[in-house]
Amino acid sequence: VQLQASGGGLVQAGDSLRLSCAASGRSLSSFAVGWFRQVAGKEREFVAAMSKSGWDTRYSDSVKGRCTISRDTAKNLVYLQMSSLKPEDTAVYYCVVDSARVPVGGGDYDYWGQGTLVTVSS
């Protein structure tokens, strides 16, 4: 499975942004999906995740209420809709999928995307 994240860019505080993650090789319906982010010099941190069924979604406290994870199985895409962006949301965002676990913490998940940079100016 290959994951290609896109949609990052430079935005101002308060703006909205939607990240996309395109999967190839297998259907996303076979996986739980998630998003992590990483700031240079810091550990990768969990942002949002969705179970394989789609019924269970989880968010970090730092983005809860401002982000929504969704999945379009027909297009094999995962989205992260972000709103009310803050400078502290600046990071490289990675999509991740796993066939067995909901990716919410540290772990050796099945596949990672290459990351897309989000920069939020104040």
Side-chain angles (χ1 to χ4, degrees):
V1 175
Q2 290 188 324
L3 303 174
Q4 181 76 36
S6 62
L10 174 62
V11 297
Q12 292 186 335
D15 284 352
S16 297
L17 200 63
R18 188 178 76 167
L19 305 183
S20 300
C21 178
S24 59
R26 278 179 66 183
S27 172
L28 282 175
S29 61
S30 301
F31 299 98
V33 299
W35 290 90
F36 282 67
R37 67 187 182 186
Q38 188 170 25
V39 176
K42 295 187 177 182
E43 291 189 357
R44 194 172 295 185
E45 66 169 348
F46 165 71
V47 177
M50 174 182 284
S51 63
K52 192 182 299 186
S53 69
W55 287 106
D56 181 19
T57 56
R58 306 182 195 180
Y59 300 92
S60 68
D61 288 341
S62 61
V63 305
K64 194 173 295 182
R66 299 189 297 118
C67 288
T68 302
I69 186 171
S70 61
R71 178 176 58 188
D72 186 331
T73 54
K75 295 181 179 179
N76 230 25
L77 289 166
V78 182
Y79 300 108
L80 183 68
Q81 179 70 48
M82 302 187 292
S83 61
S84 302
L85 283 162
K86 305 175 182 180
E88 51 263 44
D89 293 319
T90 295
V92 177
Y93 285 71
Y94 298 89
C95 55
V96 58
V97 301
D98 195 272
S99 59
R101 298 167 293 164
V102 179
V104 295
D108 188 16
Y109 300 115
D110 289 345
Y111 303 100
W112 290 86
Q114 89 292 353
T116 185
L117 176 62
V118 173
T119 303
V120 184
S121 64
S122 58

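Because only heavy atoms are used, hydrogens play no part in the values below, and waters and symmetry mates are left out as well, while side chains stay in.
At a threshold of 4.5 Å between non-hydrogen side-chain atoms, the residues V78 and W35 count as touching. Side chains of Y59 and I69 form a contact here, defined as non-hydrogen atoms less than 4.5 Å apart. C67 has its side chain within reach of L80: a pair of non-hydrogen atoms, C-beta onward, lies under 4.5 Å apart. Side-chain contact between F31 and D98: absent, with no pair of heavy atoms (C-beta onward) separated by less than 4.5 Å. Looking only at side-chain heavy atoms (C-beta outward), V39 and T90 stay at 4.5 Å or farther from each other. Side-chain contact between Y93 and V47 is present, with at least one heavy-atom pair separated by less than 4.5 Å. In this structure the side chain of R37 never reaches within 4.5 angstrom of the side chain of V92, judged on heavy atoms. Side chains of Q114 and Q4 form a contact here, defined as non-hydrogen atoms less than 4.5 Å apart.
Under the 4.5 Å side-chain heavy-atom criterion for Ile, Leu, Val, Met, Phe, Trp and Tyr, L19 and Y79 are members of distinct hydrophobic clusters. If you chain together hydrophobic residues whose side chains sit under 4.5 Å apart, M82 and V120 fall into the same group.
Minimum heavy-atom separation, G8 to T116: N-OG1, 3.0 Å. Counting all heavy atoms, side chain and backbone alike, V102 lies closest to A32 at CA-CB, 3.8 Å. Across G54 and M50, no two heavy atoms sit closer than the pair CA-CG, 3.7 Å. Of all non-hydrogen atoms in S16 and L85, the two that sit nearest each other are C-CD1, 4.1 Å. What you find for D61 and K64 is that their closest heavy atoms are OD1-NZ, 3.4 Å. Across every non-hydrogen atom of R101 and D108, the tightest pair is NH2-O, 2.9 Å.
Note on ring orientation: taking the six-membered ring where Trp is involved, the planes of F36 and Y109 are tilted (angle from 30° to 60°).
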Criterion side chain to side chain contact (heavy atoms under 4.5 Å, CB included) on T119 and V11, from CA distance to verdict: CA-CA 6 Å; T119 303; V11 297; over 6 Å; no
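Comment: D89 does not engage K86 in a salt bridge, judged by the lack of any side-chain N to carboxylate O separation of less than 4.0 angstrom.
A donor-acceptor pair under 3.5 Å is absent between the side-chain atoms of D110 and the main chain of V97, judged by distance alone. Remark: side-chain polar atoms of D72 are not paired, donor with acceptor, to backbone N or O of L77 under 3.5 angstrom. S83 places a side-chain N or O within donor-acceptor distance of the main-chain N or O of R66, the cut-off being under 3.5 Å. Here the side chain of R58 pairs no donor or acceptor atom with the backbone of A48 at under 3.5 angstrom. Using a distance-only test at 3.5 Å, with no hydrogens or angles considered, no donor-acceptor pair links the side chain of K52 to the main chain of A100.
Here Y94 contributes atom OH and E45 contributes atom CD; the two are 12.5 Å apart, rounded to the nearest 0.5 Å. Considering CZ of R71 and CG of L28, their distance stands at 7.0 Å, rounded to 0.5 Å. Put simply, OG on S84 and CG on D15 are 9.5 Å apart, with the number rounded to the nearest 0.5 Å.
Within a 6.0 Å sphere centred on CD of Q2, other residues, nucleotides and ligands contribute 12 heavy atoms or fewer.
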